[in-house]
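To start, the structure under review is shown below, and the notes come after it.
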Number of protein chains: 2
Amino acid sequence: MKQYTTLKDVAKLAGTTAATVSYVLNDKQDRYISEETRRKVLEAAEKLEYVKSIGASSLKGKSRKLIGILVPQFENQFFTRIVVASEEVFVKHGYDLIICNTWDNPEREKAILNRLIQQRVDGIILTPTRNGTENTKLLRKVGMNMVVVDRPLPGVKDYFWVATNNYGCGYIGTQYLISKGHTHIGYIGWNSDIQDLQARRRAVMEAVDSNSIPIENLHIVEGGFSADEGYRLTQKLLTEHPDISVIFYGFNVQALGGVKYLHDQNIQIPKDLSVLIIGSPEWIMAGNNCFTHLDMNDLELGKKAANLLLDQIQKGEEIPFQHIIQDCSLVEGTSVRDNF
Amino acid sequence: MKQYTTLKDVAKLAGTTAATVSYVLNDKQDRYISEETRRKVLEAAEKLEYVKSIGASSLKGKSRKLIGILVPQFENQFFTRIVVASEEVFVKHGYDLIICNTWDNPEREKAILNRLIQQRVDGIILTPTRNGTENTKLLRKVGMNMVVVDRPLPGVKDYFWVATNNYGCGYIGTQYLISKGHTHIGYIGWNSDIQDLQARRRAVMEAVDSNSIPIENLHIVEGGFSADEGYRLTQKLLTEHPDISVIFYGFNVQALGGVKYLHDQNIQIPKDLSVLIIGSPEWIMAGNNCFTHLDMNDLELGKKAANLLLDQIQKGEEIPFQHIIQDCSLVEGTSVRDNF
DNA sequence: AAATGATATGCAAACGTTTGCTTATTCATA
DNA sequence: TATGAATAAGCAAACGTTTGCATATCATTT
């Protein structure tokens with residue numbers, strides 16, 4: 001069986017005790033250590049290839065140096081980037097990151113959160129499932145540090161939240177389309193029961209309305225969160241409403257399938273149809289178009305969440321709850337043409 | 001400060017001892033527990049919201065239920081998928097996954113491996129940096145379970161390895177291009193010092209050679225591992241050798257930048273130039289082309305690696321070292337045209 | 001010569017589990 | 001009525017650290 005070198009092993013070889021070894025290796029200043037002893041300890045530790053057990057030391061109240069992060073689907077580049085950016089921050093501060101894919105399944109989320117408590121992680125970053133509020137109750141009870149990212153925690157007042165201005169995304173995008181002369185607009189979205197994401201659709205509707213464009217000119221179809229669904233929804237939208245001059249994709253995963261449909265139908269972008277996308281998957285620069293899109297600055301989101309969590313961990317309960325809402329920015333590509 | 005409920009707390013409320021509580025909660029069969037006691041313990045645990053500390057229990061020889069995974073760049077979809085697939089397997093078996101981005105930096109890799117030993121993970125999956133052989137020495141010394149994925153560990157004989165048949169990728173791809181009538185071929189690759197990845201280039205050269213195509217007709221340029229480099233290399237290749245009818249991209253990250261260059265130059269695929277790619281980033285289906293590519297079955301790779309590691313963990317030292325080399329398969333899109 | 005302070009290190013308890021050993025009660029069998 | 005299973009549960013050690021407390025040797029100072 002696997003056997004790790006312990007403090008006692010090192011102490012025996014160095015001719016001293018575990019306590020002294022601990023002091024030396026942790027480089028504590030509050031105890032006198034002779035140069036001779038220090039040398040012998042370091043040599044022994046080196047020779048025996050001692051590696052401390054964080055698990056054991058955390059029993060004595062030390063930090064476990066572990067963070068958990070839960071995302072619904074981390075092959076979605078939006079979340080991949082959030083994870084990458086936060087990992088970067090955490091590693092820099094000596095924390096390891098446990099990553100968990102919830103697949104937006106509340107039971108799975110619940111099980112994962114329980115396991116993370118078992119691991120006694122120092123904090124958790126999560127994008128909650130639709131049952132997140134219920135599932136995170138235990139976290140609050142045990143006083144777990146937590147930062148919610150992207151989606152909110154409905155019904156909860158005091159918590160840390162880092163997110164995109166979803167309403168803003170929808171509004172800015174629609175306003176832009178209208179400014180380019182588009183008056184017949186299709187919007188494709190996700191029929192999720194997550195309130196905050198519905199803000200995108202709401203913003204589109206309100207932007208259309210506030211520009212005195214008849215609401216009948218706006219056609220909204222919504223469906224599942226996948227490329228295949230994007231394909232299907234695009235087909236449906238164009239079949240039912242061939243008069244639209246632009247499709248506004250609220251979710252990049254669906255947009256990928258949609259763009260595939262347009263290609264299959266030999267519909268040229270932007271000659272035959274303009275396309276606007278919320279999000280910045282890497283493929284927006286591939287193909288024959290650099291797509292016009294709304295960038296959510298995913299990396300910054302991850303970084304902010306990580307720093308906020310570290311703040312909590314380091315300063316304890318003293319810091320006030322915050323909601324950090326990041327605006328998105330419109331990046332012009334070549335996929336939206338003037339339509340006057 | 002954060003305080004978790006302990007076995008003792010539960011025992012006190014249930015009017016028994018920590019030992020009994022431990023037996024009840026772990027549902028051990030080797031000890032008689034009265035129904036009365038069991039009920040009281042479960043009730044107390046419920047009321048106090050007890051969550052066991054894996055850290056403490058691992059001190060007594062139990063598994064930490066933690067796995068570490070190191071990849072050079074997990075926003076690269078190839079690695080994202082490996083992580084996703086293995087996470088799926090591990091979660092199913094009750095393990096959590098610590099994810100680490102090495103950025104292909106050997107020092108970082110070394111530091112991360114050390115931290116993972118500190119965490120006493122049960123096993124490690126890694127794609128080694130160029131210094132992997134040296135860095136993993138400590139792992140072998142402490143008897144850490146390990147599966148190497150994608151790249152080999154040069155100079156090491158006995159280890160578990162799951163990888164793509166890189167030579168096969170290059171060979172099959174080139175053979176396909178030649179079969180479609182291409183005789184002037186450009187290959188763009190990564191100038192890495194990782195031997196196994198050079199096999200792709202070598203295969204291309206040998207396939208060209210074995211088809212009696214003059215080697216002067218093959219133009220190879222190599223550079224850094226990024227989309228920007230792909231852009232630059234494509235430009236360089238086409239400027240210096242405008243006679244090629246196809247570009248074979250050995251790495252999908254570079255291909256993304258390359259395709260962007262082709263678009264910027266208004267070079268039509270496949271009318272003006274054919275394109276073949278190793279790997280399956282999601283964008284191969286976007287744009288005006290579904291790209292012809294060599295699929296490495298990334299998910300399967302991750303799954304195999306995870307299962308292999310679990311095998312080691314569960315069966316101890318008994319299982320023999322294995323090298324699992326997966327073939328890739330050619331997936332025809334529309335980006336390579338006949339060139340007779 | 002005794003007291004002080006600086007230097008150096010050992011001892012042992014504690015963290016939260018798990019588990020081998022022990023003890024105690026009950027109940028059926030010889 | 002002993003005897004020994006079967007049932008039930010407590011005690012305490014151990015895992016690998018950290019750290020408060022105690023001890024011991026010096027070199028100074030009074």
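Lettering of chains follows the sequences in order, A, B, ..., and the numbering in each one begins at 1. Here the structure is a predicted model, which means the values were calculated and not measured. Only this structure's heavy atoms are used, side chains among them; waters, hydrogens and symmetry mates stay out.
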Please list, in numerical order, the residues of residues 29-50 of chain A that have a heavy atom closer than 4.0 Å to any atom of DNA chain D.
A/R31, A/Y50

Rounded to whole angstrom units, what separation is found between the NZ atom of B/K8 and the P atom of C/dT17?
10 Å

Taking OP1 and OP2 of D/dT18, is either one under 4.0 Å from a side-chain nitrogen or oxygen of A/K52?
yes

Given the ring of A/Y23, does A/K28 sit roughly above its face, with NZ or CZ under 6.0 Å from the centre of the six-membered ring and within 45° of the axis?
no

Given DNA chain C, 5'-ward residue of the pair B/Y23 and B/T6, judged by closest heavy atom:
B/T6

Could you tell me whether the side chains of A/T102 and A/R108 share a donor-acceptor contact shorter than 3.5 Å?
no

Does A/S22 have a side-chain nitrogen or oxygen under 4.0 Å from the phosphate oxygens OP1 or OP2 of D/dT18?
yes

Distance in angstrom units between B/L59 CG and C/dT19 C1', rounded:
14 Å

Nearest-nucleotide wise, let me know which of B/T20 and A/T20 is further upstream toward the 5' end of DNA chain D.
B/T20

So, B/D150 and B/T127: side-chain donor and acceptor under 3.5 Å apart, yes or no?
no

Side-chain N,O (B/K60) to OP1/OP2 (D/dA13) below 4.0 Å
no

Mapping B/A56 and B/A19 to their closest nucleotides on DNA chain C, which lands nearer the 5' end?
B/A56

Closer than 4.0 angstrom, basic N to acidic O: yes or no for B/E49 and A/R140?
no

Using a cut-off of 4.0 Å on non-hydrogen atoms, how would the nucleic acid contact of B/S58 be classed: base, sugar-phosphate, or nothing?
nothing

Measure from the side chain of A/S57, starting at C-beta and using heavy atoms only, and say which of D/dG10, C/dT18, D/dT18 lies closest.
D/dT18

Do A/Q119 and B/D96 get their side chains close enough for a donor-acceptor pair, meaning under 3.5 Å?
yes

When you check the phosphate oxygens OP1 and OP2 of C/dT19, does a side-chain N or O of B/K62 lie under 4.0 Å from one of them?
yes

Assess the side chains of B/D104 and B/T129: does a donor N or O sit below 3.5 Å from an acceptor N or O?
no

